[in-house]
Amino acid sequence: MSAFQEYFDESHQLVRDSVRRFVEREILPHINDWEEAEEFPRELYLKAGAAGILSIGYPEVFGGSHEGDVFAKVVASEELMRSGSGSLDIGLPPVVKWAKPELRERIVPQVLAGEKIMALAVTEPSGGSDVANLKTRAVRDGDFYRVSGSKTFITSGVRADYYTVAVRTGGDGFGGVSLLLVEKGTPGFTVGRKLKKMGWWASDTAELFFDDCMVPVGNLIGAENMGFACIMANFQSERLSLATMANMTAQLALEEALKWAKEREAFGKPIGKFRVLKHRLAEMATQLEVSRDFTYRQAAKMAAGKSVIKEISMAKNFAPEFIE
Ligand SMILES: Cc1cc2nc3c(=O)[nH]c(=O)nc-3n(C[C@H](O)[C@H](O)[C@H](O)COP(=O)(O)OP(=O)(O)OC[C@H]3O[C@@H](n4cnc5c(N)ncnc54)[C@H](O)[C@@H]3O)c2cc1C
């Protein structure tokens, strides 16, 4: 990791050390059991909240630390990924950035403390990539929006308390999309089945249904019909997290492969001594270095306030591809 020190300072090292200790103490001893059980204890959120991990990158006024520090979030994401299972922080940022003060002040501290859990609900059964054509409707009815429709593939959707939901408040296309905060327990809102996945079993993925669900207008996040821009802005940091997590997954695979190449003997010597494996390991290390460098460069541009929509999307596409 030393080749990348230009991107990190001492405070990032402190974050890295503290998140790594947390993962070693609270997650690694249990992660295999939790993956098999397809569940992890809710208490882990409280522990992560108390350790200050959930609040990294958020404003101090809500109990956060390292406000807006892109590399503090990168470091936290890398170290959490050492657990081998994924974690995403995508539901809360729109609330912090664009919700009305009353809503923000009520919701954000609870989530950063790990008392409440948030999810982001954009994807629908009819499609995820084409956000501008989402179909879940929210029609104004007095002081409420009447919401009808459904969502799928929602991370933490089973256990969440609050949902940042993309809905159609206006006409067709991206100009008719808004974000609403929906609370679990709101009449007309139900959580469907927990979906099966190929990996990250401990992280639940759900379907959501809205049937004339009445959501107060005060729960609108950002301006009405301006949700598409908020969603796209949120995708930038999500893409950075996903690229970072994929790079760390590759690093873990490389570390395991190097260990095995030294341990395992065949034909009288460790298999790592065979030229064909040396080439393979060198190729893995090279691809990881290239992917990580490209990802960090985009993170640095994001930290400098530049728009890197194309490049961070490339990083998010490249990183999971090369570890396959
Ligand atoms: C583990 C997991 C967790 C997730 N968590 C969440 C979450 O928390 N919240 C949430 O809202 N969503 C979540 N998603 C959904 C995810 O965002 C969508 O799966 C994604 O947006 C793709 O949508 P889709 O699956 O409907 O595929 P579609 O958009 O229907 O795409 C189908 C196929 O068409 C291709 N395609 C799409 N657009 C184009 C194009 N313009 N040109 C050429 N080909 C195209 C795609 O590459 C794909 O092969 C999650 C998904 C997974 C797998």
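When a ligand or atom number is given, it counts from 1 through the structure's own listing order.
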Please state which option from Ser126, Ser129, Ser156 has its nearest heavy atom closest to atom 27 (O) of ligand 1.
Ser129
Have a look at ligand 1 and work out which part of Lys197, if any, has a heavy atom under 4.0 Å from it: side chain, backbone, both or neither.
side chain
Heavy-atom pairs closer than 4.0 Å: do any link ligand 1 to the side chain of Thr155, the backbone, both, or neither?
both
Close N or O approach (Ala121, ligand 1; < 3.5 Å)
no
Charged N to carboxylate O under 4.0 angstrom, Glu105 versus Lys100?
no
Sub-4.0 Å atoms of ligand 1 with respect to non-hydrogen atoms of Ile154
7 (C), 8 (O), 9 (N), 10 (C), 11 (O)
Distance-only donor-acceptor check, side chains Tyr296 and Asn247, under 3.5 Å
no
Atom 22 (C) of ligand 1: any protein heavy atom closer than 4.0 Å:
yes
Does the side chain of Ser203 come within less than 4.5 Å of Thr155's, by heavy atoms?
yes
Salt-bridge criterion met for Lys135 and Glu124 (N-O under 4.0 Å)
no
Contact check: Phe153 vs ligand 1, nitrogen or oxygen atoms, below 3.5 angstrom:
yes
Can you report which non-hydrogen protein atom sits closest to atom 24 (P) of ligand 1, along with the distance?
Gly128 N, 3.6 Å
Might you confirm whether atom NZ of Lys151 has over 12 heavy atoms from other residues, nucleotides or ligands at distances under 6.0 Å?
yes
Evaluate the side-chain contact (heavy atoms from CB on, under 4.5 Å) criterion for residues Val147 and Leu180: first the C-alpha distance (whole Å), next the side-chain angles of each, then the deciding distance (0.1 Å), finally the verdict.
CA-CA 10 Å; Val147 182; Leu180 279 184; 3.7 Å; yes
Between Thr123 and ligand 1, does any nitrogen or oxygen pair lie at a separation below 3.5 Å?
yes
Specify whether the nearest protein heavy atom to atom 53 (C) of ligand 1 is under 4.0 angstrom away.
no
Just wondering, more than 12 heavy atoms not from Glu10 lying within 6.0 Å of its CD?
no
Atoms in ligand 1 with a heavy atom of Leu120 nearer than 4.0 Å:
7 (C), 8 (O), 9 (N), 10 (C), 11 (O)
List for me each residue that meets ring pair (Phe, Tyr, Trp, His ring centres under 6.0 Å) alongside Tyr145, sequence neighbours excluded, and say none if there are none.
none
Any protein heavy atom < 4.0 Å from atom 16 (C) of ligand 1:
yes
May I ask you to check whether Gly127 has an N/O atom sitting below 3.5 Å from an N/O atom of ligand 1?
no
Using the test ring pair (Phe, Tyr, Trp, His ring centres under 6.0 Å), find all partners of Phe71 that sit at least two apart in sequence or belong to another chain.
Tyr7, Phe8
Any side-chain donor near an acceptor of the partner, Tyr45 and Glu115, under 3.5 Å
no
Counting only non-hydrogen atoms of the protein, does one fall under 4.0 Å from atom 40 (C) of ligand 1?
no
For atom 33 (C) of ligand 1, state whether the nearest protein heavy atom is under 4.0 Å away.
no
Is any heavy atom of the protein nearer than 4.0 Å to atom 50 (C) of ligand 1?
yes
Any protein heavy atom < 4.0 Å from atom 47 (O) of ligand 1:
no
Using a 3.5 Å cut-off on N or O atoms only, is Val122 in polar contact with ligand 1?
yes
Pair Arg21 + Glu24, salt bridge at N-O below 4.0 Å
no
Within-cutoff protein neighbour (heavy atom, under 4.0 Å) for atom 29 (O) of ligand 1:
yes
I'd like to know if Lys194 and Asp204 make a salt bridge, using a cut-off of under 4.0 Å between side-chain N and carboxylate O.
no
Under 4.0 Å from a heavy atom of Ile90: which atoms of ligand 1 are those, numbered in the order shown and with their elements?
8 (O)
